[in-house]
Amino acid sequence: MTSAVTQRRRQSKYLAFLIPVGAVVAALLIGAIMLVTLGANPLEGFQALLKGAFGSKDALIATALKATPLLFVGVGITIAFRANVINIGGEGQMVAGGLLATLTALTLPDLSAWIMLPAVLIAGLVGGAMWGAVPGALKAYFGVNEILSTIMLNVVAVQLMNYLLRGPLIDPGELERGTRIPQTARLQEGADLPLLFGDGRFHIGPLVAVLAAIAAYILLWRTPLGYRLRAVGLNPDASKYAGIPVKRTIVLALTFSGAMAGLAGAVLVFGSESHRMVTDGSTAGFTGSAGFNGIVAALFGGLHPIWTIPASFLFGGLLVGGNAMQRAVQVPSALILALNGLVVVFVVATDRYRKRMLARDVRVDAPEPLASASNSPPTGGPEPPGEKDAS
Amino acid sequence: MLEMRAITKRFPGVLANDRVDFDLRAGEVHTLLGENGAGKSTLMKILYGLYQPDEGEILLNGSPVEIHSPTDAIDLNVGMIHQHFMMVESLTVAENVALGLPSNRGFRTDLDAVSERITELGTRYGLKIDPSATVWQLSVGQKQRVEIIKALFRDANLLILDEPTAVLTPQEVDQLFKTLRQMTEDGRGLIFISHKLHEVLALSDRITVLRQGRITGQVPVEGATRESLARMMVGREVKLAPDKPAVEPGRPRLRIESLTVLGDRGDEAVRSLNLEVRAGEILSIAGVSGNGQREMAETIGGLRQPTSGAIFIDDTDVAGKTPAEIRAAGLSYVPEGRMKNGCIGAFTVSENLLLVDHQKAPYVKWGLFDFGVIKEHSAQLVKQYAVKTPTLDTTARSLSGGNIQKLILAREISGTPKVLVASQPTRGVDIGAAEYIHKRLVEQRTEDTAILVISEDLDEVFALADRIAVIYEGQIMGMVDPATTSREEIGLMMAGVHPETTSDRP
Ligand SMILES: Nc1ncnc2c1ncn2[C@@H]1O[C@H](COP(=O)(O)OP(=O)(O)O)[C@@H](O)[C@H]1O
Ligand SMILES: [Mg+2]
């Protein structure tokens, strides 16, 4: 009986993992139909996509760099979702993190990288954390819906960025030349993200993101705090009963989530090739929409920080390869956006089935007629194999 | 009048009825007795046409019948009172009774005639009810009367009552039993489902016991005892009342002083309530649910804020404090809703055992969980408290109610609390598990714990209590000694009648 139970559970976890993959395949199929309608050869197109994403060292590097902010944000999303909090504020939190990190680099004197680098990364962390803590507190103490408040704070963040980069933080050179491009001066070199593999672009950002994912995994399943986050997410009533400070835990969930996004913002600034913070007036101009796409990566990864690593990489590849496909088969760039949108829609739409699959438990014993109140907030994602978890 | 032969019904993974034979004679009460999940409701739903049997046949008055739906059942004069009532709350009693009746006046039903008949049936069977009352205004007991009237209205000769007493006060149960006897005297046959042994003995003519879908005994009521029935239900010898070693109660450890608490609707659910529980004693609160006991327990546990009053654990006033502070002061609390508050269904057995202590040493080292220690600790508790679970990593929600309750109890008692509050500790729990839980509660008295047990089950109250406090409308109606009181006395107090002769307060 026991083995049958575990086998059934394993099976359903396996299926649960296949669902998002199936969603992507379905999205690509529709994409293929669209390509055909536009008169392009879909096979050729997808070949170009694959090659552009994973076909060469350059492609892999581009993909890894594209995946980095997705992974940071996605990891933050898994933390929030485990506490049953939905964070749509990744965009704003990235901006806030980027801004605070930039301010730190501009304020501090020239220091060695050993001090500067941690300083700006922590500043990014703190900036994002603050931008997450506010909606967290609003939700916990005033019952404000976090979906609304995080979205609104995205708007606040972008206006703040535009103001600061056009005014107080603008590169003095831009003022002298009168070009007034809203960007900071080149930030101090001590804060440049170190480059790896002798490549001109590949910095340590992807590595930091993977470390963040591992740290989030440890936080969630190996520490009392993570236990609380999950407990509050699954059953706030029981958590309160057991003495867990539910409200504080909700604030913390959004704070951590924001911190991860803030780190993504800092990495974008100091890993950029121009080593400045630049705005084109929109959030997406700075974040590349990673604050939203990271949510999809996290869902794709089954809301598990470790699985979010490959999910981000794949999704990053889709974004990078999409551009290559556009060039290869000469389709309008809007198609790439549409393709990404389709993936998002399919992954999100099938997510409830994945969740239901995971929630499906095999009864060991006669059920309990009085057992009421089934709670089904996000359940465990597909766990990495070999994980002997306490979850 | 009824014969069910070799009925077999399978659900995915469960054999709910395994070749069950069951019969009923006119004018008798035949009881189906069994633990939760034994298959009683399934058998009766087959008879009422809600399920189709996989095998077996049903004979009514000697001829085989096929019952495909409740409509078929009603046409065959079979009626059923469900565990959960099925009525339209916003309609009147008469309208509810008339619902679905064939009309003799085109689209309009003659409600006056219906009302008249209701009153008539009511007088005959002692089912007093006002036909023009709206259903939502009725008490649970009154709603049940309406259900019975509905069945009688449809000329039910054979009436199935699925755990009808679960929701009633002792007085209402007495009244119901009178009604039922009146019905058997008129030649109707009744199938009564229950797992309350004293009720079964009081009402039945014959008793059939089911265990795991199979019949384990069929006996006439003469000669049956609670012990013999429990043995058939559980499959082994059962001690219904735990042995209670004498423990000399010490100083008061839990003191509640003029506590007032608002209920969910903003009314005063607990009104200036005073209570004292001493070290080494079990004080049981008896009362019909909805008289403030839930609110009182939640307030002691910190889940609800009092509007005034004090709650002392030893010398600390914990009224209005957070659950964490109250636990630190020495409270353990087995809550009424075991899935709502008592555990996290999606967490494993091991994780649930850690719910309160998850940040304490030795479970946490250098900020990280020490799974070795945790596993050892939970394995020990699972063994010590006889929690039946395949592994420590099984989710709590896949355990049975009794095992979940044992899990909660294990967690709450293991810390040797100063005060233990247990709300409905064995509601919906198997006899075997209940027996075990009672034993642990009684044992806990020797640890100098002050134990407050809140229960609607008078059997449980009598089995456990050193003193019994009866609660009514948010106040303690009286305090009685279980050795000198009677069910009747407590029943009256539960219904709000002041005790004439207050038993000497121990
Ligand atoms: N609709 C159903 N689907 C699947 N299993 C069921 C269903 N109804 C009852 N069961 C199972 O059949 C068994 C008997 O249930 P039930 O007849 O309700 O027991 P009882 O009324 O004696 O408590 C239980 O194991 C229960 O899980
Ligand atoms: Mg039943």
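Order of the sequence lines fixes the chain letters, A, B, ..., with proteins taken first and strands second; residue numbering starts at 1 for each chain.
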Counting heavy-atom pairs closer than 4.5 Å to chain A, which one of [options] comes out on top?
options	value
A328(B), A324(B), S350(B), G302(B)	A324(B)
E35(B), Q212(B), R411(B)	R411(B)
L354(B), D370(B), I374(B)	L354(B)
L303(B), I326(B), V356(B), V14(B)	L303(B)

- Query: Given a strict heavy-atom distance threshold of 4.5 Å, which part of E325(B) is in contact with chain A: side chain, backbone, both, or neither?
  - Reply: neither

- Message: Between V364(B) and chain A, with a heavy-atom cut-off of 4.5 Å, which part of the residue counts as in contact: side chain, backbone, both or neither?
- Response: side chain

- Between the main-chain N or O of G337(B) and the side-chain N or O of N341(B), is there a donor-acceptor pair closer than 3.5 Å? no

- Message: Is it the case that the side chain of K9(B) and the backbone of T42(B) share a donor-acceptor pair, with hydrogens and angles ignored and the cut-off at 3.5 Å?
- Response: no

- Message: Could you go through E460(B) and T426(B), starting from their C-alpha distance and side-chain angles, then the distance that decides it, and tell me whether this counts as side chain to side chain donor-acceptor pair (under 3.5 Å)?
- Response: CA-CA 8 Å; E460(B) 174 164 88; T426(B) 63; 2.3 Å; yes

- Item | Residue, of L219(A), I244(A), L225(A), T223(A), that accumulates the most heavy atom pairs under 4.5 Å with chain B | T223(A)

- Take I454(B) and M296(B) through the side-chain contact (heavy atoms from CB on, under 4.5 Å) test and state the conclusion after the steps. CA-CA 10 Å; I454(B) 296 164; M296(B) 179 186 76; 3.9 Å; yes

- Task: Applying side chain to side chain donor-acceptor pair (under 3.5 Å), name anything that partners R214(B), two or more places apart in sequence or on another chain.
- Result: D18(B)

- Step through it carefully: locate the ring centre of H377(B), locate the ring centre of Y363(B), and say whether they are under 6.0 Å apart. yes

